[in-house]
Amino acid sequence: MIQITGIQLREIRLPLREPFRISSGVVSNRRILLLELTDVSGTRAWSECVAGEAPNYTAETIDTAWTAITQWVAPRVLGVRFAQPGDVHDVLEKDFRGHNMAKAAVEMGIWAIAAERDRLSLARLIGGTRDSIATGISLGIERSPEALVEKATAAVAAGYRKVKIKIMPGSDVEFVRAAREALGAEAPLMADANNAYSLADLDRLVALDSLDLMMIEQPLAFDDLVRHAELQRRLETPVCLDESITSLDRAIDMHTLGSGRIINIKPGRVGGFGPSIAIHDFCEQHAIPVWCGGMFESGIGRAYNVALASLPNFTKPGDLSPSARYWERDIVTPEWTMDANGMVRVPRDAPGIGVTVDVDRVDNLTVRSQALAQAA
Ligand code: OSB
Ligand code: MG
């Protein structure tokens, strides 16, 4: 039985070491929403809401998530008894549309509370089997193909097992081809368009098809499945969906319609661990590979992604770069690291999220906070 008695929200500011450009916007100073949950037994756990600064990825932002958590999510869980964390998602979905990242932050925190209480790692709690995860890097849109080649070459030398290149019309075929030529035929390359194309751009997408990419991620609109199915019929390269997969039903629809052949699972985007595990299981049954995406999380959000990616059907490298790639200093100890073979270790034997939050540092970085408690 789990009963949450308090949720503390905080916003911290954490500057990225370098600005990151995707087709739909640029981010340089992250505003990160952290939660600390407390349960009736006194168990505590930290979680992270991955909503960004602007509504350019999904409709959510840190500000909408703050409102959603305080007004609608927290009141549905505070003081309520849950037999297990897998029961939380349904309660948050009933007559409550959208706000998946806000819901996920609370739902995932409850999984961590259960793990802490049972002195089990999150990875073991959910049935994860891997002790390390192959890591990919996500490279932003660069000024020139040469600048991209420099970054991609360094990434492969550092051991990364997958290099994802952000693309948009005008920064696409020439850039990806330069990387392919510099890194060779065997290099594990992929592209991510974050919705920058339409079917009118078919020629450009077909040109990418000849560059032997592992996959092309979310080329078309954020909520589309029908046009992606049309596109997938014209491409040999697997389409991987990110933004379009917001629930188990959308994953099933992708399979039914043929809109893609791979899914990037981000637990925040689908509403938490419950739906992430359900999508993982459906994909496993239908031979659809999945991998874990990233949202420039701090080391807290990263802990959840690493645990999730330890499930057996996470067979492609995840966007799980080490802390030092994003931050001068992370807010957890130990920081997340990657070995020379591009593997990140799963803390399978540490209870809860497996890293310790540097609370003094979080206090120093906090720009606003709000404490919510179960009604007396
Ligand atoms: O599309 O996968 C994406 C970051 C923010 C929003 C969307 C995306 C991304 C990334 C970053 O690709 C991956 C990472 O955290 O390293
Ligand atoms: Mg993506």
Side-chain angles (χ1 to χ4, degrees), residues 14 16-33 48-62 65 100-101 104 133-142 151-152 155 158 160-168 189-197 213-224 228 238-246 254 260 262-270 290-306 308-309 316-327 330 336-338 342 344:
L14 206 56
L16 284 165
R17 290 178 82 149
E18 44 183 26
F20 190 91
R21 181 173 299 282
I22 68 174
S23 66
S24 57
V26 62
V27 53
S28 44
N29 195 0
R30 290 253 27 236
R31 296 174 57 197
I32 300 177
L33 170 50
E48 175 167 346
C49 177
V50 298
E53 295 70 31
N56 62 323
Y57 171 74
T58 68
E60 288 185 273
T61 71
I62 176 170
N100 286 2
M101 294 176 183
I133 320 272
T135 305
I137 193 170
S138 173
L139 295 177
I141 295 171
E142 294 287 337
K151 292 240 157 107
Y160 279 104
R161 308 285 278 256
K162 184 184 82 182
V163 176
K164 161 163 135 177
I165 301 167
K166 293 286 188 179
I167 57 169
M168 61 191 271
L189 299 182
M190 63 168 289
D192 184 0
N194 292 104
N195 333 303
Y197 298 87
L213 300 178
M214 297 168 76
M215 65 195 98
I216 300 177
E217 184 175 339
Q218 197 71 34
L220 307 180
F222 75 99
D223 56 353
D224 173 81
H228 278 107
V239 168
C240 167
L241 294 183
D242 173 353
E243 285 90 330
S244 288
I245 306 298
T246 51
M254 179 196 94
I262 299 176
I263 293 180
N264 167 346
I265 298 182
K266 295 178 182 170
R269 193 193 65 228
V270 301
V290 306
W291 53 282
C292 186
M295 292 288 290
F296 302 133
E297 292 88 353
S298 78
I300 296 175
R302 197 44 54 103
Y304 287 86
N305 291 353
V306 168
L308 184 66
K316 307 272 181 205
D319 283 345
L320 304 167
S321 288
S323 302
R325 189 208 164 207
Y326 308 100
W327 324 110
D330 206 335
W336 293 97
T337 55
M338 177 180 90
V344 50

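The basis for the numbers below is simple: all heavy atoms, side chains too, and nothing from hydrogens, waters or symmetry mates. We count ligands from 1, going down the list as the structure has it; atoms in each ligand are counted the same way. Bear in mind that the values here come from a model prediction, so they are computed numbers and not experimental data.
- For the residue pair Y160 / S321, a side-chain donor-acceptor distance below 3.5 Å is found, with atom types taken as modelled.
- A donor-acceptor pair under 3.5 Å is absent between the side-chain atoms of K166 and the main chain of I141, judged by distance alone.
- Of all non-hydrogen atoms in M295 and R30, the two that sit nearest each other are O-NH1, 3.4 Å.
- Looking only at atom types and distance, the side chain of R302 has a donor-acceptor partner in the side chain of Y326 under 3.5 Å away.
- Within 4.0 Å of ligand 1, protein heavy atoms belong to Y57, S138, K164, K166, D192, N194, E217, D242, K266, G294, M295, F296, R302, D319, Y326, listed by chain and number.
- Not one N or O on the side chain of R269 forms a donor-acceptor pair closer than 3.5 Å with the backbone of G293.
- With Q218 contributing its side chain and D242 its backbone, the two residues share a donor-acceptor pair below 3.5 Å.
- At a threshold of 4.0 Å, the pair D319-K266 does not count as salt-bridged, since none of the basic side-chain nitrogens sits closer than that to a carboxylate oxygen.
- With hydrogens and angles disregarded, no donor-acceptor distance shorter than 3.5 Å links the side chain of E297 to the backbone of I300.
- The residue from K316, E217, E243 that alone fulfils the side-chain hydrogen bond (donor to acceptor under 3.5 Å, both in side chains) condition with N264 is E217.
- Distances under 2.8 Å from the Mg ion (ligand 2) pick out the protein N/O/S atoms D192 OD2, E217 OE2, D242 OD2.
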